[in-house]
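Let me begin by presenting the structure, written as C-alpha cells, before commenting on it.
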Amino acid sequence: MNRLELKHVSIKNFQSLIEADIDFSHFEDCLIKVSGFNNTESTATSNGSGKSSLFEAILWTLYQSTSSGNKEVSNSLTGENVSVDLQFSLNNDIYLISRQMSAVTFGKLNPETGLFDDFSATNRSETNKKILEVIGITKDMFLNTIFISQNSQALMFSRLSPASRKERIEELVDIDSQMSELTDRASSKLKEATARRDFDQRTVNDLEVKKSMLMTDIGSLKQQLDSLDEEIKAESSKVEEDFSEREQSLQEKLKSQEEKLEKLTAESQELLDPVNADIRRLEDEILKFDTVIKQLKTQLVNLQNSSICPTCGRPFDETDKHSFDEMKAKLEQELADNFSKKQKTGFSLQTLSEKKEQIITAFKKKSTEFTNMITALQNELNVLERKKQSSKSNLSAIQAKQQLLKEQSVKKNKELEDTSLLYKVSIGHLEVSSQRVEILEDLKKRLLVEFRSYILGKILEQFNQILLQMSEQVFDDKKIQIIFKKNKIDIEIQSSKFSQSYESLSGGEKRKTDLVLILAQQKLLSQVTDSSSNVLILDEVLENMDEVAMNSSLNLIQSCQQQGMSIFVISHTEYQAVNFDYEVRVVKESTGSLVEILRS
C-alpha cells in the first residue's frame, strides 16, 4: 500500500506568511476549518490573508511551484528569504525536504541514528528529480486528490475535456502499472519474436546472397565449360581431321617415293644383272686366260730348259730341232693369242665395268633424290606427329580442366540445391516468426487498447458505484454517472425523469457535483491502487452553496473521511451546523500573516 502522510511542515516568509508550524499528527481523524482574518484594513475580508498559502507552501516544497505555477514565493512585506521544511512518510520511510529559493536538500531518516541521512543528488535539478521519483505522484494528481486548490479548478474532473477525463482516470488508478506486467511480458515475448524474425530475415538475406553468388559461379562455370567444349572440338578436329589428312597425304607421298625408289632399284638391278653376269663371265674368261698363259709360259720355260722331247720323251737331237722350234713357235703363238684374247676380254670387262658404274651412278643419283625426298617426308611426318602429340596433350589438358570444372559445377549445383532447400526452410521459419511477431504485435495492441479499455470499463463501473453512493447523500432524486463511449468520458446527472449533462447544471449543482467527483476520485484511488494520503485539503470548494447544499456536502465529506485522515476545509464562510475539531486561523497583520490553531 502506497500511503503518503504529511508529518510536519515549518514555514518561514512564504508569500504573506511570516511563520507557521503545523504538526499533522495532532489532526488525525479530524475535520479542520481554515479561516482567514485581515487586520490590515477594517473593511477587508479574509481573502488575501494567506489561508491557502499554508498548503501552497507544501505544494511548492514538493514541486517547486504553487498551484498557479508561481515559483517566486518570498514574502514581499518582510523581504526575507523563504524557507520551508517538510517532513512526510511514504511506505514507512520518513523524508525531509528543506527548500529555499536557491537551494534544496533532501534527507531520509536513519532509524538507527534518528538523523536524516543526506539523500540529495549532485545538484538542485537532480535533487528535484529524485524527490519526484520518491513521492511517485504528479503535481496535477496531487492537486486532484490531496490539495483541491481554488487555483486548480481548471484541473477538476468536470472541467476536463471528455478525452482528458479518460486520461485522468487512467492516471489516477495508474492503469499503466496495472498493465505493466502484462505489457512487459508481451513486450518481452515480442522482443524475442522480433529478434528471432530479424535473425530469420538475416539468414534468408544471407542465403539469397549465397544463392545469387552460387548461380553466378555456376553461370561462370557453364560459360567456361562451353568455351572448353569449343576448344575441345577445335583440338579434336585438328587431331582427327587436319593432322589425319596431312598425315595421310604425307604417307601417300612417302609410299609413292618408296615405290619409285623400289622401282628404280629394281630397274637398276635389271640393268646391272646382265652386266654383272657378263663381267663375271669376262672375269672368268680372264682367269682362264691367265691360267692358260701361265701354263703356256710354264711349258715354254720347260721346253726351253728341257733336253727331252715332251711328246716322245727322247732326248733332243739335231733332227728334232725343227720340231722343237715349231713347238716353241706354236707355244709362243698360243701365248700371244691368249694374251691378245685376255687383252680384248679386259677391254670388254672395262667397258662393262664402266657401264656398271654408269648404271650405279645414275641409280645413286636418282635414289639419293628419292631418299632425300623420303627423309624430308619422314621428317615432316615426325614434325606432324609431334604437333599431333602436342595437340593431344593440349586436348588432354583441356579435357582435364573440363573435368575439374565439371566437378566444381556439380559441387556448386549440389551446394545450390542444399542452399535452396535451406532457403526454403528459412523462408518457412521467417514466415512463422513473422506471423508470431504479427500475432504478438496484435496481442500487445489489444492489450494496450482493448484489454486496457476493458480494465478501464471495470474501473469506471466501480467509479459509478462510488458516485451512486455519494450522489444519494447530496441529491434527493439524482445520481452522477460516468458514460464511457468512444474513448471519451461524459458526465451525466440522471434522475427518474430525465438526464442532464454537467454543463446544463446550475452553479450550486455543479459545485456539489464537483465535490462528489473529487471525493469519488480519492475513494477510487484508495480502492483500486491501495494508495492514500492522511490529508485532504478543500480550498473554497463549498463556496457559493446554499445552506442545505453546504450541510449535505459537509456530511458527505465527513462520511468519506478515512481512518487517520485530516480534512482541511479552507473557507471564509461560517458553518453553524458543522462541528469542526480544529480551526486554523491565518491572521494578516501589516508585516505579514501568522497562524493560530484553536481547538473547537
Side-chain angles (χ1 to χ4, degrees), residues 246-385:
R246 180 64 178 157
E247 183 180 26
Q248 184 178 357
S249 175
L250 290 173
Q251 289 287 2
E252 289 175 356
K253 289 180 180 180
L254 180 62
K255 184 178 179 181
S256 174
Q257 294 299 320
E258 287 175 344
E259 288 176 351
K260 287 180 180 180
L261 179 60
E262 185 178 351
K263 183 179 178 181
L264 176 65
T265 302
E267 289 175 349
S268 298
Q269 194 62 47
E270 287 179 1
L271 293 174
L272 284 174
D273 284 345
V275 172
N276 285 328
D278 289 342
I279 288 173
R280 285 194 298 272
R281 179 178 59 78
L282 292 175
E283 286 176 346
D284 289 341
E285 286 182 1
I286 289 173
L287 288 173
K288 287 179 180 180
F289 285 131
D290 286 339
T291 300
V292 171
I293 288 170
K294 185 178 180 180
Q295 289 175 354
L296 290 174
K297 283 181 176 182
T298 301
Q299 288 179 13
L300 186 58
V301 170
N302 289 335
L303 181 62
Q304 290 176 347
N305 295 326
S306 177
S307 59
I308 298 174
C309 179
T311 56
C312 64
R314 62 183 181 75
F316 284 109
D317 54 21
E318 287 295 333
T319 58
D320 294 322
K321 186 177 183 322
H322 177 71
S323 297
F324 177 82
D325 290 336
E326 288 181 352
M327 189 175 296
K328 181 181 176 183
K330 184 179 179 180
L331 286 172
E332 288 177 345
Q333 185 61 44
E334 287 181 5
L335 183 62
D337 290 341
N338 279 290
F339 267 119
S340 177
K341 289 179 180 178
K342 178 182 176 183
Q343 188 176 15
K344 289 181 180 178
T345 302
F347 288 145
S348 297
L349 179 62
Q350 183 177 356
T351 300
L352 286 174
S353 296
E354 290 175 352
K355 183 178 181 181
K356 178 179 178 181
E357 187 65 30
Q358 290 175 353
I359 293 171
I360 291 172
T361 300
F363 170 75
K364 284 182 178 180
K365 181 180 179 181
K366 197 67 177 176
S367 66
T368 299
E369 292 178 2
F370 287 136
T371 302
N372 290 340
M373 183 66 72
I374 288 170
T375 301
L377 289 171
Q378 286 176 338
N379 290 337
E380 194 171 348
L381 277 171
N382 291 335
V383 171
L384 185 65
E385 181 64 24

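This chain uses plain numbering: 1 for the first residue, then up along the sequence.
- Between the CG atom of D284 and the OG1 atom of T345 there is a distance of 11.0 Å, given to the nearest 0.5 Å.
- Atom-to-atom distance recorded for S340:OG and Q333:CD is 9.5 Å, nearest 0.5 angstrom.
- Pairs engaging residues 285-302 under the salt bridge (charged side-chain N to carboxylate O under 4.0 Å, His left out) rule: R281-E285, D290-K342 [sequence neighbours left out].
- To the nearest 0.5 Å, atoms CG (N302) and CG (L296) are separated by 11.5 Å.
- Considering CG of L349 and CD1 of I286, their distance stands at 4.5 Å, rounded to 0.5 Å.
- Every residue was checked against the side chain to side chain contact (heavy atoms under 4.5 Å, CB included) condition with T351, not counting sequence neighbours, and none meets it.
- Each salt bridge (charged side-chain N to carboxylate O under 4.0 Å, His left out) pair with one or both residues in residues 354-368, not counting sequence neighbours, appears once here: K366-E369.
- For residues 256-266, the set of pairs meeting the side chain to side chain donor-acceptor pair (under 3.5 Å) definition, not counting sequence neighbours, is empty.
- With contacts defined as side-chain heavy-atom distances shorter than 4.5 Å, the pair L271/E267 does not qualify.
- Nearest heavy-atom pair, L261 versus T371, reported as atom, atom and distance to 0.1 Å: CD2-OG1, 4.2 Å.
- Atoms CG and CZ, from L282 and F347 in turn, are 13.0 Å apart once rounded to the nearest 0.5 Å.
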Under the criterion side-chain contact (heavy atoms from CB on, under 4.5 Å), I'd like the reasoning laid out for E326 against K330: C-alpha separation, chi angles, the key distance, then a yes or no. CA-CA 6 Å; E326 288 181 352; K330 184 179 179 180; over 6 Å; no
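- T368 meets the side chain to side chain contact (heavy atoms under 4.5 Å, CB included) test with N372; sequence neighbours excluded.
- Note: L377 CG to N382 CG = 11.0 Å, rounded to the nearest 0.5 Å.
- Pairing each heavy atom of V275 with each of L352, the nearest pair is CG1-O, 3.4 Å.
- Residues passing the salt bridge (charged side-chain N to carboxylate O under 4.0 Å, His left out) test with D337, sequence neighbours excluded: none.
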